[in-house]
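A, B, ... follow the sequence lines: proteins, then strands. Residue 1 opens every chain.
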Amino acid sequence: MTVTVYVPRDTTALALGADRVAIRLQRGAKARDVEINLVRNGSRGLFYLEPLIEIDTPEGRVAFGPVTPGDVDALLEAGLLEGRQDHPLALGLTEEIAYLKRQQRLTFSRIGITDPVSIEDYTALRGFEGLKKTLALDSQAVVDEVKTSGLRGRGGAAFPTGIKWQTVHDQPPGQKYVVCNADEGDSGTFADRLVMECDPYMLIEGMTIAGLAVGADQGYIYLRSEYPLAHAILDEAIERAVAAGYLGDNILDSGRAFHLEVRLGAGAYICGEETSLLESLEGKRGLVRAKPPLPAIEGLFGRPTVVNNVLSLAAVPFILDQGGQTYADYGLGRSRGTLAIQLAGNVRCGGLVELAFGTNLRELMEGFGGGTLSGRPLKAVQVGGPLGAYLPESQWDHPVDYEGFAAFGGVVGHGGVVMFDDTVDMGDQARFAMEFCSVESCGKCTPCRIGAVRGVEVIDRIRAGESFDKNLALLTDLCDTMVDGSLCAMGGMTPFPVQSVMQHFPDDLTPRQAVTAGGTTC
Amino acid sequence: MSQTPSPVADAWTPAQIQAVIDAHRERPGAMLPTLHALQDRFGFIPEAAVPMIADALRHTRAEVHGIISFYHHFRTHPAGRNVVQICRAEACQSVGSRQLEAHAKKALGIDYHQTTPDHELTLEPVYCLGNCACGPSIRVNDDVYGRMTPERFDQLTDELSATVVEVK
Ligand SMILES: Cc1cc2nc3c(=O)[nH]c(=O)nc-3n(C[C@H](O)[C@H](O)[C@H](O)COP(=O)(O)O)c2cc1C
Ligand code: SF4
Ligand code: FES
C-alpha cells in the first residue's frame, strides 16, 4: 500500500529545512521498502510547527512537527508511515490542533491542504466556483456582491473594495487594468506570500473576477523581488491556468478574456504605495503621484485601474461563491469578514491566524502566540508594519478592527503583529523608524526626504544626552511637520512609531549612559 | 530552489546585451523586466548597457541611470559569487538580528554593499523576507534561512566557500 506523506514547500518550511526532511523521508522509506507518495503541499501557516509533516490515515491527516532532518529516522522507527502517534513530535489529527481549529479560515481554507500548483486539488475544494458564478452574472451584479460583503482593502488603507471596483466599472469602455499589489513590504507580514505560495489559483481567480467585473482584460501582479519562490509558483500556476482555460482569450468558453502576468519589483518599499507601484510598472522611478487623479480613473498607462492587495483579491472567490452576505456575517462594526493576523517577531507560536475582526491583541499574543519565544515578559508590540505605532500593554485589550484601532492611534494595516520582549530598547526602535524612512523615501517631498535624516540625527543627540529637552522638543516638531506636510503615508506615518515611543516608553529615550549606569538589561 | 551562485562577472558582449534588450523591449513598461533580465544574465547591469537601453526604450541615459539607482535591487558592479542578504527589519530585530548583523560584518570583514576580497561573498541588507515568525532571516542567493545564529552563519558561509574548492 502506498502511503501519502506531505512535506510543505513554502518559504518558511524550506528556511527550516523541509527539503532535507523530504530527502531523508524518501531514503528512509526506500530502505524500509515502503512506497510513499510524497506531496509537497503548502504550509498550514502554523510556523512554530514547521517543518510540519503529515501522513494520510483512515481517520484523517495526522501531523508531526517541528521535524528536523535529524528527527526523520527516529520518526520512521516509531511508525511514522503507519501514522502511529508514539513519537514526542506527534501532534494528532492536523485539523484538531487547537491553533488551527480555533481559527475562522474563509480565505485560507485551502492552504497547506493542497499541492499549490494542482488545479485538481484546487477545484476539489470549491476552487473556481466563484469564477463560474461570475461568468453567469452581469458585471454590476458582481460589483454589488463585493459591496455586500463589506470587504475593505487589506493592503493598509482599508478602502471599500466594492466602491473602488464601481469607479473602474463606471469608466467608459476601453483598456482597463487590474493590478495586484504583491509588494508585501511590511515587516511582520507574510499572508500575501502564503496566498501566492500555497494557494496561487485563489489569487488568479480573484483577479479574473475583478477583471470581469470592471471590464479589464489584462492583469499584472506586482511582486516584490524578495519572494523568488512565490514568483516561480505563480508563473507555473498561471501557465497551467492558461492551459486549462481558466485564463486567456476565452475563459471557460465564455468568449471573455483575461490575461495575467507577474512583474517583479526591485527592492523598494515605497513601490508598495499604489501610485509609486504604477510608476514602477510603467518602467519609471517609483515616485509617488499626487492624488487626484485616482488610479481608478487614471491608473496604469493613464487607464482606469483597480489596484488591490493580494488579500483583498484573495477574499473575492469566497465572496462570489458563498455570497457577499456570508462574508459580511463575520466581523465587527464596519470591519466585515476576517482578518489575516500574522504573529511574528519574538513569539513562541508564530504563524497565520485568520479570525473575524473583533478579537484582541492579548488573546492573539498569549492565547495563540503563547507569549514570547524568549520566555521573557512582553514589552511592546508593533501592529501594522513599520509605519505602525508601538503599543504598550495598556492597549492590548482593544478589539482589533479598523475604527477601534484608529480611535487610539493604532494601525491595523496589513495585519502584522510584531512582538518584543523586555530586552528591547525602544530608543533603538524609534531611531530605526526614521532610518528606514530615510532609506526608503522616494524623495519627492522635503518633510519626508530631509525630515527622516534629521530624525535619526536628533534621536542620536537625545540619546547622547545633548541638550536633551531642546532636542526632544525638536523631535516633537519634526514629527508634526512630517505628519502634516508629507505627500504620502511613508513620510506621514513614519512619526507614528516614534511618537508612540516618546509617549509610552519615554525612559528608553533618556540618555543611554544614564540607562546603562542604572543597570537595565539592554 | 537551488543555491546557484551569481553568474561569473564580466562575461558579456554588446551583442549579448542587445539580445537581452531585444527580447523585452516590446513589452508594455519594458524597463524593469529588461533590467532584471540583464542582471539575471550577467550578475549586474554593465555600464555599456545604459546607452543601449536608452536607445531601445526611448529614454535619455540620465533617465536610465536614475531608474537603476532608484531601486536597491539593481547593481552596476559585479557581486561576489554569492549574495548574502541579512534581514534588518523589525520582526527579525526582536529576535537578535542586530547582533547577527554585527557578527556577520565582523566575521567577513566587510560592511553592507561590499564584497570579500576573494570575491566569494557580497553582503547586502534587506528589509523583510516574509519569514518573520522564524527569524532572524537571511537569504543566500535564492534560498532563505530562518532562526539564524552567529554560529550557523559561520557554518553556512564556510560551506559556501568550500563549494568553490570542489568546483575547481
Ligand atoms: C509606504 C506605503 C507602502 C505600502 N505598501 C503596500 C504593500 O506592500 N502592499 C499593499 O497591498 N499595499 C501597500 N500600501 C497601500 C497601497 O497604497 C494601497 O492602498 C493598496 O494597494 C490598495 O489595495 P487595497 O485597497 O486592496 O488594500 C502601501 C502604502 C504606503 C503609503
Ligand atoms: S512622503 Fe516620502 S515617500 Fe511619500 S511622496 Fe513624499 S518623499 Fe515620497
Ligand atoms: S522581518 Fe525579517 S523576515 Fe520579515
Looking at every heavy atom in both B/Ala133 and A/Gly351, which two are closest together, and how far apart are they? CB-N, 4.0 Å
Over 12 foreign heavy atoms within 6.0 Å of CZ, A/Arg348: no
So if I apply the side-chain contact (heavy atoms from CB on, under 4.5 Å) rule between B/Val95 and each of A/Leu373, A/Thr372, A/Asp421, which one comes out positive? A/Leu373
Got a second to check how far A/Cys271's SG is from B/Tyr71's OH, nearest 0.5 Å? 4.5 Å
Bottom line for A/Glu261: the part with an atom under 4.5 Å from chain B's heavy atoms is side chain
Closest non-hydrogen atom pair, B/Cys134 against A/Leu16: SG-CD1, 3.9 Å
Under a 4.5 Å cut-off applied to non-hydrogen side-chain atoms, are B/Gln93 and A/Asp428 in contact? no
Side chain from CB out, backbone as N, CA, C, O: work out which of these in B/Arg88 comes under 4.5 Å of a heavy atom of chain A, or both, or neither. both
Hey, which of A/Gln342, A/Arg9, A/Gln382 has the most heavy atom pairs under 4.5 Å with chain B? A/Gln382
Can you tell which part of A/Tyr220 gets under 4.5 Å to a heavy atom of chain B, answering side chain, backbone, both or neither? side chain
A/Leu264, A/Leu281, A/Leu287: which one forms the most heavy-atom pairs within less than 4.5 Å of chain B? A/Leu264
Is it the backbone or the side chain of A/Thr189 that comes under 4.5 Å from a heavy atom of chain B, or both, or neither? backbone
Specify which of A/Gly286, A/Pro386, A/Gly350, A/Gly265 makes the most heavy-atom pairs with chain B at under 4.5 Å. A/Gly286
If you look at every heavy atom in A/Phe432 and B/Ala89, which pair is closest and at what distance? CZ-CA, 4.2 Å
As an exercise: rank A/Asn346, A/Leu343, A/Asp10 by heavy-atom pairs under 4.5 Å with chain B and give me the winner. A/Asn346
Interchain contact, A/Glu197 with chain B, by part (heavy-atom threshold 4.5 Å): neither
More than 12 heavy atoms of other residues, nucleotides or ligands under 6.0 Å from CZ of B/Arg139: is that the case? yes
B/Cys132 and A/Gly188: which non-hydrogen atoms are nearest, and at how many Å? SG-N, 3.3 Å
Minimum side-chain heavy-atom gap A/Val439-B/His72 below 4.5 Å: yes
Given heavy-atom pairs under 4.5 angstrom as the criterion, report whether the side chain, backbone, both or neither of B/Val144 touches chain A. both
Separation between CG of A/Leu14 and CG of B/Asn131, rounded to the nearest 0.5 Å: 10.0 Å
Option in A/Ser280, A/Ala266, A/Gly369 with maximal non-hydrogen atom pairs under 4.5 Å from chain B: A/Ala266
A/Arg263 and B/Pro33, any side-chain heavy atoms less than 4.5 Å apart: yes
Roughly how far, to the nearest 0.5 Å, is OH of A/Tyr269 from OH of B/Tyr127? 13.0 Å
Give, as side chain, backbone, both or neither, the part of A/Glu282 having an atom under 4.5 angstrom from any heavy atom of chain B. backbone
Does any backbone or side-chain atom of A/Cys442 lie under 4.5 Å from a heavy atom of chain B? Answer side chain, backbone, both or neither. both
As an exercise, state the distance from CD of B/Glu90 to OH of A/Tyr390, rounded to the nearest 0.5 Å. 4.5 Å
Can you tell me which portion of A/Phe47 sits under 4.5 Å from chain B's heavy atoms? Options are side chain, backbone, both or neither. both
Have B/His73 and A/Glu226 got a donor and an acceptor in their side chains that come within less than 3.5 Å? no
Distance in Å, A/Arg224 CZ paired with B/Leu129 CG, rounded so as to fall on 0.5 Å steps: 7.0 Å
Heaviest contributor of heavy-atom pairs below 4.5 Å to chain A, chosen from B/His59, B/Gln85, B/Arg98, B/Glu63, is B/Arg98
CG-OG distance between B/Leu32 and A/Ser225, expressed to the nearest 0.5 angstrom: 9.5 Å
Do A/Lys284 and B/Met31 make a side-chain contact, defined as non-hydrogen atoms from C-beta onward lying under 4.5 Å apart? no
Side-chain contact test, heavy atoms from C-beta onward, threshold under 4.5 Å: evaluate it for B/Phe70 versus A/Glu279 and give yes or no. no
Would you mind checking which part of A/Leu194 comes under 4.5 Å of any heavy atom in chain B, side chain (CB onward), backbone (N, CA, C, O), both or neither? neither
Above 12 or not: heavy atoms from other molecules or residues under 6.0 Å from CZ of B/Arg61? no
Given a strict heavy-atom distance threshold of 4.5 Å, which part of B/Pro28 is in contact with chain A: side chain, backbone, both, or neither? both
Distance-only, no hydrogens or angles: does the A/Ser187 side chain make a donor-acceptor pair with backbone N or O of B/Ala91 under 3.5 Å? yes
